[in-house]
Amino acid sequence: MATPAFEEIVEDFEFLDDWEDRYRHVIDLGKAMDPLEDAFKVPATKVDGCASQVWLVPTMDGGTFRFRGDSDAMIVRGLIAVLGALYNEVPVKEVGAVDAAAELGRLGLNDHLSAQRSNGLRAMVERIRETAAAA
């Protein structure tokens, strides 16, 4: 159950030959995101469990889940962009049904991220799921 935006990332990853190219692509996805305004970088939006500073700001308009995010680390900004492709535009009631581990596994991220980055990615997914469940 992946969005078209996430499927596009999967296709891009299949085209790229090695992990270094994929890593750069993730960073480029992060660079393409609009930065989060400082007013949103507050304790309430900060994600605990990440080695870097991470902020996620969700919105739920008309039953559709969306979020914006930012980080002080470029690779993490890219991971936020990947999660945005996975979760943005998903109906709020279906966010919990997204198997993030399986979808992200299609990209091979689990095999190439440090333990700290993997923990941070799981923390971001958990925050997204909790936010949608509370809505």
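Just so you know, these numbers use all the heavy atoms, side chains as well, and skip hydrogens, waters and symmetry mates.
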Interatomic distance, NZ@Lys46 vs CG@Asp70, rounded to 0.5 Å, equals 12.5 Å
When hydrophobic residues are tied together by side-chain contacts of less than 4.5 Å, even through go-betweens, does Val82 share a cluster with Val57?
no
Specify the closest pair of heavy atoms between Pro58 and Met60, including all atoms of both residues, with the distance to one decimal.
CB-CE, 4.2 Å
Minimal heavy-atom distance between Cys50 and Ala123, with the atoms involved, is SG-CB, 4.3 Å
Atom pair OG1 (Thr3) and CD (Glu89), whose distance is rounded to the nearest 0.5 Å
8.5 Å
Can you tell me how far apart CG (Leu104) and CZ (Arg122) are? Round to the nearest 0.5 Å.
11.0 Å
So how far is it from Leu29 CG to Arg24 CZ, rounded to the nearest 0.5 Å?
13.5 Å
Could you go through Arg127 and Glu130, starting from their C-alpha distance and side-chain angles, then the distance that decides it, and tell me whether this counts as salt bridge (Lys or Arg N to Asp or Glu O under 4.0 Å)?
CA-CA 5 Å; Arg127 171 67 71 88; Glu130 288 172 356; 5.0 Å; no
Kindly indicate, with the supporting measurements, whether the criterion side-chain contact (heavy atoms from CB on, under 4.5 Å) is fulfilled by Trp55 and Val47.
CA-CA 6 Å; Trp55 300 272; Val47 179; over 6 Å; no
Any chance you could measure Leu83, atom CG, to Ile128, atom CD1, to the nearest 0.5 Å?
5.0 Å
Of all heavy-atom pairs between Gln53 and Asp72, which one has the smallest distance, and what is that distance?
N-OD1, 2.9 Å
Any Arg106 side-chain heavy atom under 4.5 Å of Phe6 side chain
yes
When clusters are formed by joining ILVMFWY residues with side-chain heavy atoms under 4.5 Å apart, either directly or through shared neighbours, do Ile9 and Tyr23 land in the same one?
yes
Enclosure of Glu126 CD (heavy-atom neighbours >12, cutoff 6.0 Å)
yes
What residues form a side-chain contact (heavy atoms from CB on, under 4.5 Å) with Met74, not counting sequence neighbours?
Ile27, Lys31, Arg77
Indicate every side-chain donor-acceptor pair of residues 12-19 with a distance under 3.5 Å to a residue at least two apart or in another chain.
| unit_1 | atom_1 | unit_2 | atom_2 | d |
| --- | --- | --- | --- | --- |
| Asp12 | OD2 | His25 | NE2 | 3.3 |
| Asp18 | OD1 | Glu20 | N | 3.3 |
| Asp18 | OD1 | Asp21 | N | 2.9 |

For Leu113 and Ser118, work out which heavy atoms get closest and say how close.
CB-OG, 3.6 Å
Out of curiosity, does Ile75 fall in the hydrophobic cluster containing Leu86 (side-chain heavy atoms, cut-off under 4.5 Å, transitive links)?
yes
How long is the span from the OH atom in Tyr87 to the OG1 atom in Thr64, to the nearest 0.5 Å?
15.5 Å
Let me see the working for Asp34 and Arg68 under salt bridge (Lys or Arg N to Asp or Glu O under 4.0 Å), right down to the final yes or no.
CA-CA 9 Å; Asp34 290 331; Arg68 297 176 49 223; over 6 Å; no
Within the distance-only criterion (no hydrogens, no angle test), does the side chain of Arg117 pair as donor or acceptor with the backbone N or O of Leu109 below 3.5 angstrom?
no
Mind listing the closest non-hydrogen atom pair of Ser52 and Val76 along with its distance?
OG-CG2, 3.8 Å
Considering non-hydrogen atoms only, spot the tightest contact between Gly84 and Phe67 and give its length.
N-CZ, 3.5 Å
Can you confirm whether Leu56 sits close enough to Thr45 that some side-chain heavy atom of one is under 4.5 Å from a side-chain heavy atom of the other?
no
